[in-house]
Amino acid sequence: MNPSQPVELLAPLSGMLLALDQVPDPVFSSRMLGDGVCIDPTSQTLCAPLAGVISNIQDSGHAVSVTDDNGVQVLMHIGLDTVNLAGKGFTRLVEEGRRVTAGQPLIEFDADYVALNARSLLTLMLVVSGEPFVVLAAQGEMIEEGRPVLRLSPGEAAADSIEEPGSALFSKPLTLLNAHGLHARPAAVLAQAAKGFSSSIYLHKQTQSANAKSLVAIMALQTVQGDTLQVSAAGEDAQAAIRALSALLAEGCGETVVTAAEPVEPVTPVSSAALLRGICASPGSAFGQVVQVGEPELEITEAGTGEAAERDALMRGLLAANEALQRLQADAAGSAQADIFRAHQELLEDPTLLEQAHLLLAKGKSAAFAWNSATAATARLFLGLGNTLLAERAADLSDVGRRVLKLILGVEDRAWVLPAQAILIAEQLTPSQTANLDTSKVLGLVTVGGGATSHVAILARALGIPALCGAPADVLTLADGTQVLLDADRGELHLEPDQADIDHSRAARERQGVRRQREVAEAALAAVTRDGHHVDVTANVASLQEVEQSLVLGGEGVGLLRSEFLYLDRNRAPSPAEQAGTYRAIARALGAERNLVVRTLDVGGDKPLAYVPMDAETNPFLGLRGIRLCLERPELLREQLRAILACAGLARLHIMLPMVSLLSELHLARKVLEEEARALGLSELPKLGIMIEVPSAALMADVFAPHVDFFSIGTNDLTQYTLAMDRDHPRLASQADSFHPAVLRLIATTVKAAHAHGKWVGVCGALASETLAAPVLIGLGVDELSVSVPLIPSIKATVRELDLADCQIIARQVLGLEEAGQVREALRLYHAATVETSSVVEH
């Protein structure tokens, strides 16, 4: 059909034709969800008004959308408030994705039941794709089902109708699982994802609604764990938006979520004249001198010089702030800081804040006054809601507000003049101030405000700076230069520290610093034990930048390339050319003599993709993850394998399959790999291996081994599946310990089976990055340790201090222990003895 030809829509049922203005519901009568007509029905079967595909049908059966081959989309909504009937009174006759003909029955409904239990039987037919139309029947006229009632002119769609197409689509009710509701970071994830769709999208909580593209609006809903939420979307991509955002909410919007959490009683710090107590925000200890820090007052003129000029000033400030945050985010790529500054960027684009500021500009106010008023008012709102998490997020909003305000006013940021060994004291520190600290001078942080979940706390941990928050206001009266001992682990600030404690803190810090310098200086040396046993130490990476950094720090290759970095934080899949180009660049950086182990796409369940529709799962860790998802969507796997194969020959290419639990999964994946390699004319296949992440794979390692080229053990997932403990659960995380003898026994089983068939084994989970674990892993026979990039020098240095025969002895001993704590203690004693021996040898 010619897409510009007129399209006639048939009446979906019989009844009286009415204009939308007569519908007693402002959502419909205001045409917010699209224009069309209303029918007061006399029949009880809803039929298709045109031929097309069922693009959406609500499980409750009260609403359905049909889209024709030219993109014309029509929504039909039976009755008002019928979603509350939860499907009672409705019978669906078609399924989503099915092609239907014009006039085909779609839904049957019990008119008497609906009329008695819902607000109205009025049924809407809305042209949600925005095409202009003429009505072919008079208002108040009785029409029969199947009669033409609207004539659309697809080629004449007006620009404004394209800008805000609407469709009355609602998600299923969702239970919010985030322990602290939708605070800044999960709200930012949700808002960012929503902005990737052209539809108008709202988040609903009972009678409240929020623009889902507004971080501030989402946070102001003041959601808590257990709230029931719904997502609505109006527009051409409404269905995709609802699926993506529903999946994000179900999975915690980037946070690990738990189904239940008992309330934690707040800790009330008790202080004395010589000791001030707070809450540990970042572990560690430091002895230094007090430096009181704060921000100077800014002078703001209320009256503007003209709306146009002030709008330009605001826009310049916002753009400059965005560029600064982008630089901070790039410098902190892959870390906690990056997520925080990404959330700050979201605030710069927040429609609610910008709307408030523009309203003040229209009233003649200056850009500085308008922006400051908007951010300050919202910060006060967060502080006044009585929610600790939202109060902490007010600090982030103030930080962003002040950053833009300085740029508008032309006030330069002045670096603090700090003495050596500074312990910074403040009412509150902003994330920007914390991220820019000179860690060569700043040894610790103490604040009156904030909490262990604040962004400042997260940044302090990332920088390795001990920090105390929630300290009494007395701390602000301490004179600059006062000598104090900060013991963040115990939540203490000692004002009259004992000399022995000071000496102990200094000695520990100095030893660690000297050791780190030596490790980096010797990073290029091979990781060979004292008795000549070589262990490959490679890197876990998620970018070309990390690959390059790993080589500088002595990395011997890439033991895990997380290929999902190409797919995340975007609204459409990376092109085959983009994928292939990235893999080739990484392979060239490594060179032909180093291993490149590429893990195929490991998403699904706990890591959803906005552009790969996935049903919400009750337990995503036991659902469609990794290879399971890729085999269910084979074209996704084929496209990725083609891109990976593009770098064959540039490095020693290995392909690794995640979450394999069945031998048949390996066979199917190998078949696809062989087909794609033949299609590209490759004469030699890359090495193919699997991750050992589930107990079944470890226990069946002897069955898998003949069919793989290598194993790589993902200890994070293997631990939580073996112990049935979520490693991020607030009450179980300390017990979900990879040092547990059960996990170590599975590693031993895997290594034994692999070596019996001449195959090598690596460990790429977090256990490989722990120096304490190196002896037991080497003793069990692990051939490769793939570790976090910054820890490469430390792990290599640890290997050089060990003796293989001793490692084998300690490995056998710890396998017979009962709990992870016992294993850790045994390895601590072994480590202490090893370090002492090494020191004697060196001197």
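Below, all heavy atoms of this structure are taken into account, side chains as well, without hydrogens, waters or symmetry copies.
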Margin query: Does this structure show an ion pair linking Arg638 with Glu675, if we count only N-O contacts that are shorter than 4.0 Å?
Written below: yes

Next item on the list: Test Leu802 against every option in Ile778, Val528, Val535, Ile810 by the side chain to side chain contact (heavy atoms under 4.5 Å, CB included) rule and name the one that passes.
Entry: Ile778

Next item on the list: Measure the spacing between CZ of Arg642 and CG of Leu680 and express it to the nearest 0.5 Å.
Entry: 8.0 Å

Notebook entry, point to check: Do Ser550 side-chain atoms and Ala539 backbone N/O form a donor-acceptor pair below 3.5 Å?
Noted result: no

Next item on the list: Before giving the answer on side chain to side chain contact (heavy atoms under 4.5 Å, CB included), spell out for Ile747 and Leu780 the whole-Å C-alpha distance, their side-chain angles and the decisive distance to 0.1 Å.
Entry: CA-CA 8 Å; Ile747 294 174; Leu780 291 176; 4.1 Å; yes

Next item on the list: Answer yes or no: is there a side-chain heavy-atom contact under 4.5 Å between Leu561 and Val598?
Entry: yes

Margin query: Main chain of Ala742, side chain of His740: is a donor-acceptor contact present, judged purely on distance under 3.5 Å?
Written below: yes

Checklist line | Salt bridge present between Arg824 and Asp737 (N-O < 4.0 angstrom) | finding: yes

Item checked: Side chain Asp803, main chain Thr529, donor-acceptor under 3.5 Å -> no

Item checked: Test item: Ser246 and Leu174 side chains (from C-beta on) under 4.5 Å apart, heavy atoms -> yes

Check: Between CD1 of Ile792 and CD of Gln549, what distance do you get to the nearest 0.5 Å?
Finding: 8.0 Å

Notebook entry, point to check: Side chains of Leu767 and Leu744: closer than 4.5 Å at any heavy-atom pair?
Noted result: yes

Checklist line | salt_bridge(Arg800, Glu519) N-O dist < 4.0 Å | finding: no

Next item on the list: Could you label the plane-to-plane angle of the His654 and Phe710 rings as parallel, tilted or perpendicular, counting under 30° as parallel and over 60° as perpendicular?
Entry: perpendicular

Margin query: Can you tell me how far apart CG (Leu249) and CG (Leu177) are? Round to the nearest 0.5 Å.
Written below: 9.5 Å

Next item on the list: Please determine, by modelled atom types, if His755 and Asp783 share a side-chain donor-acceptor pair under 3.5 angstrom.
Entry: yes

Note to self: Treating Glu665 as the side-chain partner and Ser661 as the backbone partner, does any N or O pair qualify as donor plus acceptor under 3.5 Å?
What the structure shows: yes

Notebook entry, point to check: Is the count of non-hydrogen atoms from other residues, nucleotides or ligands lying under 6.0 Å from Glu818 atom CD greater than 12?
Noted result: no

Notebook entry, point to check: Can you check side chain to side chain contact (heavy atoms under 4.5 Å, CB included) on Arg515 and Ser794, steps first, answer last?
Noted result: CA-CA 9 Å; Arg515 179 180 174 88; Ser794 296; over 6 Å; no

Check: Minimum heavy-atom separation for Ser563 to Tyr583, with atom names?
Finding: CB-OH, 3.4 Å

Note to self: Does Asn540 form a side-chain hydrogen bond (donor to acceptor under 3.5 Å, both in side chains) with Ser786? I'd like the steps, not just the answer.
What the structure shows: CA-CA 6 Å; Asn540 296 337; Ser786 189; 2.6 Å; yes

Notebook entry, point to check: Quick one: CG on Leu551 to CD on Glu556, what's the gap to the nearest 0.5 Å?
Noted result: 10.5 Å

Item checked: Test item: Gln579 side-chain N/O and Pro574 main-chain N/O as donor-acceptor pair under 3.5 Å -> yes

Notebook entry, point to check: What pair of heavy atoms forms the shortest contact from Asn716 to Ala766, and how long is it?
Noted result: OD1-N, 2.9 Å

Check: Can you find a heavy atom in the side chain of Arg562 that is under 4.5 Å from one in the side chain of Leu560?
Finding: yes

Next item on the list: Could you tell me the separation between the CG atom of Leu688 and the CG atom of Asp709, rounded to the nearest 0.5 Å?
Entry: 6.5 Å

Next item on the list: Keeping the roles fixed (side chain from Arg678, backbone from Ser683), state whether a donor-acceptor pair exists under 3.5 Å.
Entry: no

Notebook entry, point to check: Is there a donor in the side chain of Thr600 and an acceptor in the side chain of Gln640, or the other way round, less than 3.5 Å apart?
Noted result: no

Checklist line | Closest heavy-atom pair and its distance - Ile627, Met659 | finding: CG2-O, 3.7 Å

Next item on the list: May I ask you to test the Asn595-Thr538 pair for a side-chain heavy-atom distance under 4.5 Å?
Entry: no

Item checked: Closest approach of Ser769 to Leu791 (non-hydrogen atoms, all atoms of both residues) -> O-CD1, 3.6 Å

Next item on the list: Answer yes or no: is there a donor N or O on one side and an acceptor on the other, between the side chain of Asp531 and the main chain of Leu804, under 3.5 Å?
Entry: yes

Note to self: Under a 3.5 Å threshold, yes or no: a donor from one side chain and an acceptor from the other, between Ser738 and Thr719?
What the structure shows: yes

Notebook entry, point to check: Just by modelled atom types, is the Leu590 backbone N or O under 3.5 Å from a matching donor or acceptor in the Arg594 side chain?
Noted result: yes

Next item on the list: For the residue pair Ile692 and Ser712, establish whether any side-chain heavy-atom pair is separated by less than 4.5 Å.
Entry: no

Margin query: Could you report the tightest heavy-atom contact between Leu653 and Pro686, atom names first, then the distance?
Written below: O-CB, 3.5 Å

Next item on the list: Starting at CG of Leu699, measure out to CG of Leu746 and round the result to the nearest 0.5 Å.
Entry: 5.5 Å

Notebook entry, point to check: Are the side chain of Arg599 and the backbone N or O of Met656 linked by a donor-acceptor pair below 3.5 Å?
Noted result: no

Checklist line | Residue pair Leu817 / Pro741: nearest heavy atoms and the distance that separates them | finding: O-CG, 3.3 Å

Next item on the list: Report the C-alpha distance between Phe711 and Trp760 in whole Å, list the side-chain angles of each, state the deciding distance to 0.1 Å, and finish with yes or no for side chain to side chain contact (heavy atoms under 4.5 Å, CB included).
Entry: CA-CA 7 Å; Phe711 290 130; Trp760 64 268; over 6 Å; no

Margin query: Within the structure provided, determine whether Leu637 and Leu601 are in side-chain contact (heavy-atom separation under 4.5 Å).
Written below: no

Note to self: Could you check whether any side-chain N or O of Glu548 sits under 3.5 Å from a backbone N or O of Gln545, counting only pairs where one atom can act as donor and the other as acceptor?
What the structure shows: no

Note to self: Does Lys796 form a salt bridge (Lys or Arg N to Asp or Glu O under 4.0 Å) with Glu522? I'd like the steps, not just the answer.
What the structure shows: CA-CA 9 Å; Lys796 294 184 74 175; Glu522 299 175 349; over 6 Å; no

Check: Does a side-chain heavy-atom distance below 4.5 Å link Leu682 with Leu685?
Finding: no

Margin query: Do the side chains of Glu639 and Arg633 get close enough for a salt bridge, i.e. N-O under 4.0 angstrom?
Written below: no

Checklist line | Ile713 vs Cys764, side chain to side chain contact (heavy atoms under 4.5 Å, CB included): CA-CA, chis, key distance, verdict | finding: CA-CA 6 Å; Ile713 301 172; Cys764 62; over 6 Å; no

